[in-house]
Amino acid sequence: MDYKRLIIDRITLDGLDKQSVYDLITQPKDASMGDLCIPCFKLAKEMKKSPMAIADAIADSVSKGGMIKDVQSVAGFVNFTFDNALYAREVLDGVLKAGANYGKSDEGKGKTVCIDYSSVNIAKPFHMGHLLNTALGGAIYRIYKTLGYDVVGINHLGDWGTQFGKLIVAYKLWGDRNDIEKRGVRALVDIYVKFHKEEEKNPSLGDEARKWFKAIEDSNKEALELFEYFKAITLKEVDRIYKRLNITFDSYAGESFYNDKMQPVLDELTAKGLLVESDGARVVKFDGDTMPPCLLQRSDGATLYATRDMAAAFYRKKTYDFYKCLYVVAYQQNLHFQQVFKVLEMMGCEWAKDMIHVAHGMVSLESGAMSTREGNVVFLEDVLNTAVAKAKAVIDEKNPDLEGKQEIAEQVGVGAVLFGVLYNSRIKDMTFSFDKVLNFEGETGPYVQYTFARCNSLLEKSGGIGEEIDFSGLDNDSCKAILLLLDKYPELLKESARKYEPSVVTRFAVDLSQAFNKFYFEYKINSEKAGIKNARLLLTKSVKQALSNALGLLGIATPAKM
RNA sequence: GCACUCAUAGCUCAAUUGGAUAGAGCGUUCGGCUACGGACCGAAAGGUUGGGAGUUCGAGUCUCUUUGGGUGCACCA
């Protein structure tokens with residue numbers, strides 16, 4: 001229900017621009033002030049009256065009754081208070097009728113959003129940095145889908161470049177097929193690290209690597225076979241991780257996919273006179289040197305990262321005709337995307353404005369920045385496994401007779417890790433530590449899951465929700481706080497999408513859990529008489545539903561018991 | 001050097017985008033199990049929002065400046 005509209009309709013004051021008043025309506029910071037308010041300060045200029053006088057006049061003109069129980073003018077604010085019982089019925093009805101669809105919208109109908117995320121590098125470990133990226137992309141993917149957009153999840157595989165030459169050399173020197181079959185990417189990483197160590201002593205290895213990469217480009221049979229083999233090994237492992245994280249993609253078109261799609265881009269740039277030679281290489285320069293030039297072709301004719309992204313942009317526009325194309329990539333690459341987007345704009349692509357770099361912070365270790373070459377990485381799988389083991393230990397201690405312990409431990413452990421990386425604004429850097437990941441108390445995934453299980457348990461033990469409902473059982477501050485949160489959820493989802501910030505959803509889940517747990521301790525539910533009990537059960541059921549919807553968007557499971 | 005970005009409680013972070021007395025969690029101290037699930041709840045302590053100036057009815061939020069951290073600046077991705 002649109003309560004803002006309701007308020008507007010009740011105001012009978014003349015000479016008021018109702019639309020601008022509508023836009024001013026907001027929730028007071030302090031709930032004791034009321035449920036919605038109009039700060040009148042902005043109206044003061046046009047109306048040439050003091051904010052206090054305007055607030056007084058508006059408040060006086062409002063007819064109370066029904067949903068609007070009270071109106072107060074305080075220091076330039078008009079504060080509206082709802083009738084708690086009516087409001088409760090309205091909100092709970094909305095949540096429960098919609099069920100799993102609560103929060104859904106059709107604002108994205110007919111619009112396609114491409115999301116480039118995860119973009120794993122072949123033969124490199126999937127570490128905590130990738131998790132932040134992947135979890136963000138996956139959540140944004142689901143949030144946009146919920147808002148009615150057609151979403152295309154793209155895993156822009158890092159499956160091209162000289163590192164494959166290096167890997168082939170390393171494999172031929174030290175590779176052990178059995179070991180690779182057994183340990184997968186870890187075995188590849190080991191020989192990759194070894195290559196870089198040996199290369200320092202023996203620089204000719206680098207030439208050898210370049211030779212092998214050229215062989216891949218020339219479709220040499222042996223080189224191509226090994227290349228495909230490394231790719232298969234990596235994808236198998238990565239798919240296993242995606243499955244645990246509830247991540248899916250609609251396209252795996254990566255760097256190698258664009259090999260034959262770059263020349264047309266270079267041709268067009270040349271035709272438009274944008275591509276110029278500089279020190280033997282070809283670049284696009286920017287007016288007034290606002291940015292360093294964008295390098296698109298090396299002096300030896302080879303293409304670069306930016307060239308591939310240009311080709312990918314054109315391909316995506318042509319294939320999907322996107323409304324927006326998001327790149328979930330760490331802020332390290334700010335300049336790169338600014339350059340690529342600007343070049344597109346200079347080429348006359350009006351859709352360049354729809355390209356958005358959703359930048360996020362970087363994950364480092366306490367021992368410094370992560371580096372595959374130096375072997376300073378924490379494999380995500382180890383993190384997940386450790387978290388699951390901890391969850392299992394906690395279950396063994398608190399709930400030893402629980403059925404399906406292993407599966408629930410998986411849901412709780414993985415949920416804790418996912419929740420942890422999605423809790424802060426995406427731009428924040430994070431230093432990974434096991435202590436943080438293994439904390440299951442406070443603002444964490446397990447806390448929210450626990451609250452969900454608690455709701456579930458209450459409903460299970462209630463013996464069902466009867467017909468008789470007395471909403472006065474919800475007429476208290478604790479319930480009110482819950483209702484306000486539930487009511488706000490659809491709006492929060494839109495905010496989350498607009499800002500590309502899954503943390504809005506994560507924080508909602510925590511806020512709602514905190515509000516419910518407070519209520520739970522202050523009031524009895526199942527031991528109350530029927531009318532009150534049923535009203536509180538409806539509230540419980542709504543909270544359970546909202547938590548489930550929110551965690552679902554984050555890719556986190558909701559075990560009924562834990 | 002230039003560009004981007006961050007700075008809020010001891011620590012990790014919020015703050016409805018310019019609104020009312022800046023809020024949570026962790027940690028610390030104290031309290032609550034005869035459990036509708038203690039992975040919980042309550043209370044206390046903890047702040048010159050890095051510093052300075054400005055814009056206005058009002059600034060953690062906008063502008064300028066300054067300090068400190070992170071990142072990036074040509075043939076890697």
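Residue numbering restarts at 1 for every chain, and letters A, B, ... go by the order of the sequence lines. Note that the structure is predicted; figures quoted are calculated from it, not measured.
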Sugar-phosphate, base or nothing in reach of A:Phe337, heavy atoms under 4.0 Å: nothing

Pairing nucleotide - B:C2, Watson-Crick or G-U, each distance under 3.5 Å: B:G72

Complementary nucleotide for B:C62 - Watson-Crick or wobble, under 3.5 Å: B:G54

Sugar-phosphate, base or nothing in reach of A:Leu304, heavy atoms under 4.0 Å: sugar-phosphate

Members of residues 413-420 of chain A that approach RNA chain B, where some heavy atom sits under 4.0 Å away: none

Euclidean distance for C1', B:A24 against B:U8 (whole angstrom): 13 Å

Centroid-centroid under 6.0 Å between A:Tyr500 and A:His360 rings: no

Quiz item: cation-pi between A:Lys390 and A:Phe440, 6.0 Å / 45°: yes

Nearest-angstrom distance, C1' atom, B:G60 to B:C2: 29 Å

Counterpart residues, side chain to side chain contact (heavy atoms under 4.5 Å, CB included), relative to A:Glu443 (two or more places apart): A:Tyr423, A:Val510, A:Gln514

Spacing of the P atoms in B:A74 and B:A3 (rounded, Å): 16 Å

Protein N or O to nucleotides 15-23 of chain B N or O, pairs below 3.5 Å:
{"unit_1": "B:U16", "atom_1": "O2", "unit_2": "A:Thr26", "atom_2": "OG1", "d": "3.4"}
{"unit_1": "B:U16", "atom_1": "N3", "unit_2": "A:Gln27", "atom_2": "O", "d": "3.0"}
{"unit_1": "B:U16", "atom_1": "O4", "unit_2": "A:Lys29", "atom_2": "N", "d": "3.2"}
{"unit_1": "B:U17", "atom_1": "O4", "unit_2": "A:Lys499", "atom_2": "NZ", "d": "2.2"}
{"unit_1": "B:A20", "atom_1": "OP2", "unit_2": "A:Lys29", "atom_2": "NZ", "d": "3.2"}
{"unit_1": "B:A20", "atom_1": "N6", "unit_2": "A:Asn79", "atom_2": "OD1", "d": "2.8"}
{"unit_1": "B:A20", "atom_1": "N1", "unit_2": "A:Asn79", "atom_2": "OD1", "d": "3.2"}
{"unit_1": "B:A20", "atom_1": "N1", "unit_2": "A:Asn79", "atom_2": "ND2", "d": "3.1"}

P atoms of B:U21 and B:G58, separation to the nearest Å: 14 Å

Atom-pair distance (CE on A:Met310; C1' on B:A77), nearest Å: 17 Å

Whole-angstrom distance between B:G54 and B:U61, as gauged at atom P: 14 Å

Donor-acceptor pair under 3.5 Å, A:Ser278 side chain vs B:A74 base: yes

Integer angstrom distance from the C1' of B:C11 to that of B:G51: 23 Å

Sugar-phosphate, base or nothing in reach of A:Val283, heavy atoms under 4.0 Å: base

Non-hydrogen atoms of A:Pro125 and A:His130 that approach each other most closely: O-CE1, 3.2 Å

Sugar-phosphate, base or nothing in reach of A:Asp511, heavy atoms under 4.0 Å: nothing

Identify the pairs formed between an N or O of the protein and an N or O of nucleotides 38-43 of chain B at a distance under 3.5 Å, and give each distance.
{"unit_1": "B:G38", "atom_1": "OP2", "unit_2": "A:Arg454", "atom_2": "NH2", "d": "2.5"}
{"unit_1": "B:A39", "atom_1": "OP1", "unit_2": "A:Tyr450", "atom_2": "OH", "d": "3.4"}
{"unit_1": "B:A39", "atom_1": "OP2", "unit_2": "A:Lys398", "atom_2": "NZ", "d": "2.3"}
{"unit_1": "B:C40", "atom_1": "OP1", "unit_2": "A:Gly442", "atom_2": "N", "d": "3.2"}
{"unit_1": "B:C40", "atom_1": "O2'", "unit_2": "A:Arg454", "atom_2": "NH1", "d": "3.1"}
{"unit_1": "B:C41", "atom_1": "OP1", "unit_2": "A:Tyr447", "atom_2": "OH", "d": "2.5"}

Scan nucleotides 28-31 of chain B against the protein and return all N/O pairs shorter than 3.5 Å with their distances rounded to 0.1 Å.
none

Base partner of B:U12, which must satisfy Watson-Crick or wobble distances under 3.5 Å: B:A24

Closest non-hydrogen atom pair between A:Lys405 and A:Leu402, with its separation: CG-O, 3.2 Å

Touch class at under 4.0 angstrom, heavy-atom based, for A:Leu458 against every strand present: base

Least distance between heavy atoms, A:Ala509 atom then A:Ala550 atom: CB-CB, 4.5 Å

P spacing across the pair B:G10 / B:U49, given as an integer number of angstrom: 13 Å

Whole angstrom value for the distance that separates P of B:A74 from CG of A:Leu296: 15 Å

Near-ring test A:Phe227/A:Trp160, centroid separation under 6.0 angstrom: yes

Whichever of A:Leu295 and A:Val510 has its nearest RNA chain B nucleotide further upstream toward 5': A:Val510

A:Tyr447 ring center near A:Tyr450 ring center (under 6.0 Å): no

Taking every non-hydrogen atom, the tightest pair across A:Phe82 and A:Leu36: CZ-CD1, 3.7 Å

Chi-angle category of B:U17 [syn within 90° of 0, anti beyond]: syn

d(OH, A:Tyr423; P, B:C26) in whole Å: 10 Å

Distance flag, aromatic centroids of A:Phe432 and A:Phe434, threshold under 6.0 Å: yes

Separation of B:C13 C1' from A:Leu422 CG (nearest whole Å): 15 Å

Sugar-phosphate, base or nothing in reach of A:Ala560, heavy atoms under 4.0 Å: base

Sugar-phosphate only, base, or nothing, as touched by A:Lys461 at under 4.0 Å among non-hydrogen atoms: sugar-phosphate

Sugar-phosphate only, base, or nothing, as touched by A:Arg282 at under 4.0 Å among non-hydrogen atoms: nothing

Aromatic centroids of A:Tyr3 and A:Phe80 separated by under 6.0 Å: no

NZ or CZ of A:Arg454 within 45° of A:Tyr520 ring axis and under 6.0 Å: yes

Length of the line joining A:Tyr331:OH and B:C73:P, which is rounded to integer Å: 13 Å

Whether A:Phe508 and A:Tyr489 hold their rings parallel, tilted or perpendicular, with breakpoints at 30° and 60°: tilted

Pairs touching residues 426-435 of chain A that satisfy side-chain hydrogen bond (donor to acceptor under 3.5 Å, both in side chains), sequence neighbours left out: A:Tyr331-A:Asp429

Geometric class of the A:Phe337/A:Tyr327 ring pair [parallel <30°, tilted 30-60°, perpendicular >60°]: tilted

Gap between atoms NZ and P, on A:Lys166 and B:A77 respectively (whole Å): 10 Å

Sugar-phosphate only, base, or nothing, as touched by A:Ser527 at under 4.0 Å among non-hydrogen atoms: nothing

Integer angstrom distance from the P of B:G1 to that of B:U66: 12 Å

Rounded interatomic separation in angstrom, taking CE from A:Met291 and P from B:C4: 11 Å

Contact under 4.0 Å: A:Lys428 side-chain N or O vs B:U5 OP1/OP2: no

Residue-phosphate contact under 4.0 Å: A:Lys436 side-chain N/O, B:G25 OP1/OP2: no

Between P of B:U12 and CD of A:Glu366, the distance in whole Å: 12 Å

Minimum heavy-atom distance between A:Leu295 and A:Ala306, given as atom pair plus value: O-CB, 4.0 Å

Earlier contact from the 5' end, RNA chain B, for A:Lys561 and A:Thr162: A:Lys561

Nucleotide nearest A:Gln332 (side chain, heavy atoms from C-beta), chosen from B:C4, B:U71, B:G37: B:U71

